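Just so it is clear, the model here is predicted, and its values are computed rather than measured. Every chain is numbered from 1 and lettered A, B, ... according to where its sequence line falls, protein lines coming before strand lines.
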2 protein chains.
Amino acid sequence: MDSLHKGWFTEFSPDDLEKIKNTGNGQDKQLRSDGQEMGGAWPGQAFSLQVQEVLFHEKSQYQDVLVFKSETYGNVLVLDGIIQCTERDEFSYQEMLAHLPLFAHKDPKKVLIIGGGDGGILREVLKHKAVEKVTMCEIDQMVIDVSKKFLPHMSHGFSDPKLDLYVGDGFEFLKNHKNEFDVIITDSSDPVGPAESLFGESYYELLRDALNDTGILSSQGESFWLHLPLLQHLIAFNRRLFSKVQYASSPVSTYPSGSMGYLICGKQDHDLSVPARILDSAALKEMKLRYYNSEIHRAAFVLPQFVKEAFE
Amino acid sequence: MDSLHKGWFTEFSPDDLEKIKNTGNGQDKQLRSDGQEMGGAWPGQAFSLQVQEVLFHEKSQYQDVLVFKSETYGNVLVLDGIIQCTERDEFSYQEMLAHLPLFAHKDPKKVLIIGGGDGGILREVLKHKAVEKVTMCEIDQMVIDVSKKFLPHMSHGFSDPKLDLYVGDGFEFLKNHKNEFDVIITDSSDPVGPAESLFGESYYELLRDALNDTGILSSQGESFWLHLPLLQHLIAFNRRLFSKVQYASSPVSTYPSGSMGYLICGKQDHDLSVPARILDSAALKEMKLRYYNSEIHRAAFVLPQFVKEAFE
């Protein structure tokens with residue numbers, strides 16, 4: 001039993017995968033009684049996609065990079081055994097992580113993307129006419145390269161003249177940028193491996209300082225089904241750093257638990273669940289939006305009762 | 001490779017499971033180009049839960065009934081290889097399927113449940129003080145029995161004096177009941193096997209006739225990620241039968257794609273996304289609601305742009 005087995009790719013929780021490699025079945029795990037862990041883990045569950053063809057499989061300097069053509073979800077990018085995107089449902093994540101902060105902002109001109117090497121967030125940011133410059137800081141050149149080759153619908157923004165691309169560590173990059181950006185989007189993998197530093201308080205202090213006075217950030221916010229203790233921790237320290245800390249979610253069928261969250265923080269005290277600009281149907285078409293619309297913006301911030309209570 | 005393998009249960013799409021039994025890997029499937037099928041299938045993907053102990057596994061007159069204790073999701077009920085509920089996340093589905101029609105109704109006194117043998121919907125219906133009588137028609141006695149034994153938090157309503165329980169076919173039951181119920185909830189499995197007849201136009205004609213003039217129904221509405229053609233079909237014929245046809249959804253992490261939909265139809269032309277009764281925090285606590293609240297009611301009807309366009 002491994003990630004690639006009899007024509008199927010299986011995404012295990014990172015801790016389970018480690019155990020399965022050692023014992024063959026993932027037994028003997030130590031779990032919290034509610035099955036939740038602080039980090040990016042989801043023990044005891046797994047998701048599989050049927051593989052038509054493995055297109056690329058190499059180790060970069062930072063992680064294991066796999067791209068396969070699936071039977072029913074198009075091409076799939078996998079980093080260290082975890083699905084990052086499939087061509088069939090990536091739009092829900094990319095549109096929400098990008099457009100929630102961008103439409104909450106009155107006039108976003110300068111945008112920074114940390115991570116996002118597959119280009120999906122870049123594609124969405126470039127749809128905003130107000131945006132004059134997009135800076136991207138992605139640590140792994142190999143992710144950019146495989147996306148350009150195997151995910152053309154996600155990566156076409158890499159040739160846009162508005163883009164400044166830095167290949168390097170986002171944490172280090174932020175140390176030299178202060179009071180500069182209208183919106184910063186952190187499109188990271190889970191807090192295991194290269195993205196671990198992007199879930200700590202010192203990272204969010206750097207984000208706050210790199211934003212200008214009206215700045216808004218959004219970050220990949222894991223799943224309320226799987227990571228409630230991690231999210232409570234993230235929200236608690238960000239309430240000390242920002243005037244407004246809010247949380248939204250959307251369904252993304254191929255992420256663990258089928259849901260993805262978005263942590264949205266603002267330096268000003270105004271409600272980020274209210275879009276500053278409303279889209280009519282002509283604008284929706286022009287921007288080729290498939291998930292996001294102005295009503296979804298508001299609704300995404302309405303949380304199930306157990307999540308609302310956990311964040312109070 | 002089978003549903004139970006090396007300490008894990010794997011839920012395949014019914015068509016894939018058939019193929020896997022025959023060929024060992026699920027190859028040689030005939031798919032629509034977009035990977036979607038009309039029925040309750042989700043080819044090319046699978047979801048697994050780690051098994052601690054198999055508690056029950058028998059064939060009833062209608063289906064294969066499996067209950068296992070999972071490592072991280074509590075006890076799990078599986079019918080014909082498909083997960084029906086886990087103790088960890090069942091509340092999202094049960095609360096939404098029950099409370100969307102019940103709170104859209106001003107004064108629900110007589111409620112009918114078709115299916116729902118695990119008792120989860122019954123538990124939620126009985127939380128409404130207005131409800132005087134709940135009738136349930138479940139086809140499979142074995143489902144009721146295993147739920148009473150292995151899912152006590154879901155099945156305690158079976159001892160309530162307000163319940164009239166019929167073990168039999170819902171379709172046949174409805175033929176003898178006209179103009180009788182305020183709310184009818186169809187809590188069925190997928191349209192493969194015993195629940196197949198519950199997705200056809202003649203079934204919805206019977207539902208319409210069994211509802212009184214202000215009646216509202218809700219039905220298990222599959223997933224917009226997986227079953228858009230089926231949903232378009234259901235919505236189209238119901239628009240001929242009802243004054244109001246609406247669709248909501250919520251995340252349920254262990255259902256295929258992690259999302260579940262709810263088809264809500266009313267005999268009167270008023271907006272069912274607006275709750276007729278608003279819950280304050282004391283009422284939420286008294287009703288032990290973990291997913292539903294009055295804001296979630298409205299938000300659940302706000303659909304992603306691609307779904308909204310598909311249903312127009």
[X] [atom1]: over 12 foreign heavy atoms closer than 6.0 Å:
| X | atom1 | answer |
| --- | --- | --- |
| A/Gln232 | CD | yes |
| B/Lys69 | NZ | no |
| B/Lys127 | NZ | yes |
| A/His270 | NE2 | yes |

Legend entry - Interface moiety of B/Leu289 toward chain A, non-hydrogen atoms closer than 4.5 Å: backbone

Pick one of side chain, backbone, both or neither for [X], based on which atoms fall under 4.5 Å of a heavy atom in chain B.
| X | answer |
| --- | --- |
| A/Tyr292 | backbone |
| A/Ile296 | both |
| A/Phe301 | neither |
| A/Ser70 | neither |

For [X] against [Y], the heavy-atom pair lying closest together:
| X | Y | value |
| --- | --- | --- |
| A/Asn293 | B/Leu303 | ND2-O, 3.5 Å |
| B/Pro251 | A/Phe224 | CG-CZ, 3.9 Å |
| B/Val302 | A/Ala299 | CB-CB, 3.8 Å |

Inset, instruction - Could you check whether the rings of A/His5 and B/His5 sit parallel, tilted or perpendicular, using 30° and 60° as the cut-offs? - result: tilted

Inset, instruction - On the 0 to 90° scale, with breaks at 30° and 60°, tag the A/Tyr291-B/Trp225 ring pair as parallel, tilted or perpendicular. - result: parallel

Legend entry - From A/Glu309 atom CD to B/Leu284 atom CG, the distance as rounded to the nearest 0.5 Å: 7.5 Å

Legend entry - Largest heavy-atom contact set with chain A, pairs under 4.5 Å, which of B/Pro256, B/Ser223, B/Ala46: B/Ala46

Inset, instruction - Give the member of B/Ser250, B/Ser48, B/Ser259 that has the highest number of heavy-atom pairs under 4.5 Å with chain A. - result: B/Ser48

Legend entry - Side-chain touch B/Gln305/A/Glu95, heavy atoms, less than 4.5 angstrom: no

Legend entry - A/Thr10/B/Trp8 under side-chain contact (heavy atoms from CB on, under 4.5 Å): CA gap, chis, key distance, verdict: CA-CA 12 Å; A/Thr10 297; B/Trp8 290 75; over 6 Å; no

